[in-house]
Amino acid sequence: MGISAQNPSFRNFFSEKKGQNIGIVHSINYEIPGIFRLESGKTLSRVSIEYEMYGKMNADKSNVILICHALTGDAHAAGLHAGDKKSGWWNIVIGPNKAFDTEKYCIICSNIIGGCKGSTGPSSINPETEKHYSISFPVITISDMVNAQKKLIEHLGVKQLFAVAGGSMGGMQVLQWTVSYPEMVKKAIAIATTASSTPQQIAFEAIGRKAITDDPNWNGGNYYGKEIPAQGLALARMIGHITYLSDASMQKKFGRDQQDEASAELFPNFQVESYLNHQGDTFTKRFDANSYLYITKAVDFFDLSKNGSLIEGFSGVTAKYLVISITSDWLYPPYQGQEIVSALNANGVDAKYEEIRSQYGHDAFLLEEGQLNYLIRGFLSQILVSDIMYQNFYSVSRDETIENASILMVKKKVNHLPVISKDGKLEGIVTSWDITKAVACKITGLDEIITRNVKYVYAGEKIETASSIMENYSISALPVIDSENRIIGMVTSESISALIGRFN
Ligand SMILES: CC(=O)SCCNC(=O)CCNC(=O)[C@H](O)C(C)(C)COP(=O)(O)OP(=O)(O)OC[C@H]1O[C@@H](n2cnc3c(N)ncnc32)[C@H](O)[C@@H]1OP(=O)(O)O
Ligand SMILES: N[C@@H](CCO)C(=O)O
């Protein structure tokens with residue numbers, strides 16, 4: 001790695017718990033059955049989705065985390081392919097004891113539709129013509145990428161994702177998931193991203209696309225089996241790569257250092273030139289130019305605002321959110337992460353904003369191991385009352401008889417009955433112990449034995465809060481209420497204990 005973090009002691013603080021690697025992994029290819037309809041209305045058939053899976057699904061498939069990759073990523077997020085020396089692109093956070101702990105969660109990452117790493121894209125063979133799609137490939141959007149992932153997730157029998165996470169364009173997919181399929185996402189982690197591409201972001205992508213289409217080898221997109229538009233693609237990557245770094249990281253990596261004169265054709269190359277040439281050159285060996293055109297356009301089209309309002313765009317989102325920005329990211333600056341959180345909060349969504357303090361620039365989401373692990377681990381392991389409360393609870397009204405209340409308790413095998421008013425507000429609670437005492441004292445009216453000074457919690461509180469109330473007052477069930485004192489669920493000591501076995 002080229003530079004050390006801005007404040008080494010800060011970085012070490014977050015690196016305290018080292019994870020392990022997951023070893024050899026392999027990719028799987030899934031073909032979506034039938035026709036796949038795109039947002040544009042166009043259709044594709046025999047769409048392939050390449051994916052990798054690390055860790056095991058638990059019995060009810062409730063521990064699945066989907067990882068969404070950035071612009072030039074792929075399904076290989078972690079571990080090693082047999083014979084390779086380089087691990088997957090997010091190996092720093094995926095594995096045993098890492099934030100995306102493969103001992104606890106089942107991690108899935110798939111290559112996006114439009115890509116060139118095993119999923120159907122412009123370089124694939126069109127089954128109707130038996131030729132490369134090239135630029136006959138339909139326009140794709142971030143929403144299409146998410147719809148293709150949803151097909152894969154459904155095929156794997158997963159009803160709800162425990163979390164969806166990703167950086168940059170991966171973060172856009174995260175946002176899109178929670179807007180398109182709110183009921184399918186419990187937790188969302190969007191890093192170094194925006195909810196709407198800005199003119200400056202579009203401008204950089206546009207220059208990259210022009211570099212490709214101006215290369216004579218691009219040949220209207222028909223270069224498969226011929227010379228590829230390597231010069232244009234390399235130039236596109238060089239421009240893009242500058243936006244992934246920062247002024248400070250370039251200073252630190254290269255300063256004004258030059259290469260040996262012997263390596264130069266005309267003038268000695270600065271080290272930064274040589275670095276960009278290397279990045280451009282390597283990129284042409286791993287990426288398809290047409291895919292680059294389609295994917296960057298999908299990023300440019302991305303805009304979740306509705307009628308000009310991001311608040312409106314996020315209406316209906318229910319996932320709990322962690323939004324992370326990077327202090328030195330000038331491509332997706334922190335204000336864009338803050339805007340996402342404000343719009344989510346305005347919709348009543350539990351969304352938290354965090355910043356990674358780094359000099360690496362945008363690509364810090366691929367590099368800042370300690371801070372990423374610390375923030376993501378904390379967010380994934382935080383369990384709220386709403387995660388474990390029972391919404392199907394039984395209640396009584398205060399004019400009920402003790403006999404009826406006790407029959408209900410026996411039939412439904414519960415030890416607590418919240419007492420509620422006609423408009424659903426919490427008035428008190430009766431327990432099986434209250435009833436036992438009432439029978440002993442020959443009391444028949446429920447009203448006389450209700451505990452009115454009832455303890456309660458709110459759905460958004462941490463389970464630690466609920467369990468300490470239970471412990472302090474020696475009670476085993478708490479009503480969960482909303483801001484208008486209406487009861488919306490019950491949390492019990494059994495539901496908290498059940499958590500211990502949740503991910504086994
Ligand atoms: C996010 C996703 O979903 S996946 C996509 C992520 N992957 C990529 O973007 C791949 C290409 N990008 C990179 O390599 C990115 O810089 C990062 C963020 C992934 C890695 O960052 P770092 O570890 O800091 O690597 P750095 O930016 O210094 O680049 C290292 C490479 O530059 C080369 N290099 C460094 N200095 C010079 C120089 N002066 N002249 C020539 N080459 C140089 C190194 O030899 C090394 O080459 P290699 O990758 O072929 O081994
Ligand atoms: N370096 C990453 C970040 C782009 O957002 C990539 O190439 O995908």
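Order of appearance sets the numbers: ligands from 1, and atoms from 1 within every ligand. Only heavy atoms go into these numbers, but all of them, side chains included; no hydrogens, no water, no symmetry mates. Starting from 1, each residue takes its place in the sequence as its number.
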> Does a side chain donor of either E52 or S27 reach within less than 3.5 Å of an acceptor in the other side chain?
yes
> Going by the angle between their ring planes, with limits at 30° and 60°, are Y321 and F314 parallel, tilted or perpendicular?
tilted
> Name the option, out of Q271, H241, H362, that contains the heavy atom nearest to atom 13 (C) of ligand 1.
H241
> Can you confirm whether the side chains of N277 and S274 place a donor and an acceptor under 3.5 Å from each other?
no
> Can you tell whether the side chains of K320 and D387 come within less than 4.0 Å, N to carboxylate O?
yes
> So, regarding Q259 and ligand 1 (criterion: nitrogen or oxygen to nitrogen or oxygen, under 3.5 Å), is there a contact or not?
no
> Is the closest side-chain donor-acceptor distance between E312 and N307 under 3.5 Å?
yes
> Go through ligand 1 atom by atom and flag the ones less than 4.0 Å from a non-hydrogen atom of G73.
2 (C), 3 (O), 4 (S)
> Tell me whether K306 contacts the main-chain N or O of I311 through its side chain, where contact means a donor paired with an acceptor under 3.5 Å.
no
> Of the backbone atoms (N, CA, C, O) and the side-chain heavy atoms from C-beta on, which set of L367 has a member under 4.0 Å from an atom of ligand 1: side chain, backbone, both, or neither?
side chain
> Looking only at heavy atoms, is any part of R237 under 4.0 Å from ligand 1, and if so is it the side chain, the backbone, or both, or is it neither?
side chain
> When you measure from the heavy atoms of F283 to every atom of ligand 1, does any distance fall below 4.0 Å?
no
> Please report whether ligand 1 has a polar contact with H278, defined as an N or O pair separated by less than 3.5 Å (distance criterion only).
yes
> Below a 4.0 angstrom heavy-atom separation, can you tell me which part of K117, side chain or backbone, both or neither, approaches ligand 1?
neither
> Can the ring centres of Y292 and F283 be said to be less than 6.0 Å apart?
yes
> Give the atoms of ligand 1, by number and element, whose distance to some non-hydrogen atom of D363 is under 4.0 Å.
15 (C), 18 (C)
> Aromatic contact between Y51 and Y30, with the criterion being ring centroids under 6.0 Å apart: yes or no?
no
> Is a side-chain donor or acceptor of T284 paired with a backbone partner of L233 at a separation under 3.5 angstrom?
no
> Examine the proximity of ligand 1 to Y275 and report which part, side chain or backbone, both or neither, has a heavy atom under 4.0 Å away.
both
> Out of all atoms in ligand 1, which are within 4.0 Å of some heavy atom of F365? Include the element for each.
1 (C)
> Run down the list V299, L71, D363, L367 and name the one with the heavy atom closest to atom 2 (C) of ligand 2.
D363
> Hey, which of T141, N147, V164, I142 is the one that makes side chain to side chain contact (heavy atoms under 4.5 Å, CB included) with Q176?
I142
> Which of these, S168, G167, G170, has its nearest heavy atom closest to atom 5 (O) of ligand 2?
S168
> Is NZ or CZ of K151 both nearer than 6.0 Å to the six-membered ring centre of F36 and within 45° of the ring axis?
no
> Which ligand 1 atoms does A70 reach within 4.0 Å, using its non-hydrogen atoms?
1 (C), 2 (C), 3 (O)
> By number and element, which atoms of ligand 1 are closer than 4.0 Å to a non-hydrogen atom of T72?
5 (C)
> Do any heavy atoms of H362 fall under 4.0 Å from ligand 2?
yes
> R237 near ligand 2, heavy-atom distance under 4.0 Å?
yes
> Using a strict 4.0 Å cut-off to heavy atoms of H69, name the atoms of ligand 1 that fall inside it.
3 (O)
> Does N347 reach the main-chain N or O of V349 with its side chain, forming a donor-acceptor pair under 3.5 Å?
no
> Can you find an N or O of Q279 that's nearer than 3.5 Å to an N or O of ligand 1?
yes
> Side chains of E183 and Q160 only: does a donor on one sit below 3.5 Å from an acceptor on the other?
no
> To check your reading of the model: name the closest protein heavy atom to atom 8 (O) of ligand 2, its residue, and the distance in Å.
T72 N, 3.0 Å
> Can you list the atoms of ligand 2 that are under 4.0 Å from a heavy atom of A70?
8 (O)
> Should K253 be counted as touching ligand 1, given the test is an N or O pair under 3.5 Å?
yes
> Using 4.0 Å as the upper bound for N to carboxylate O, is an ion pair formed by R209 and D300?
yes
> Number the atoms of ligand 1 from 1 as they appear, then name those within less than 4.0 Å of a heavy atom of S274, with their elements.
38 (C), 39 (N), 40 (N), 41 (C)
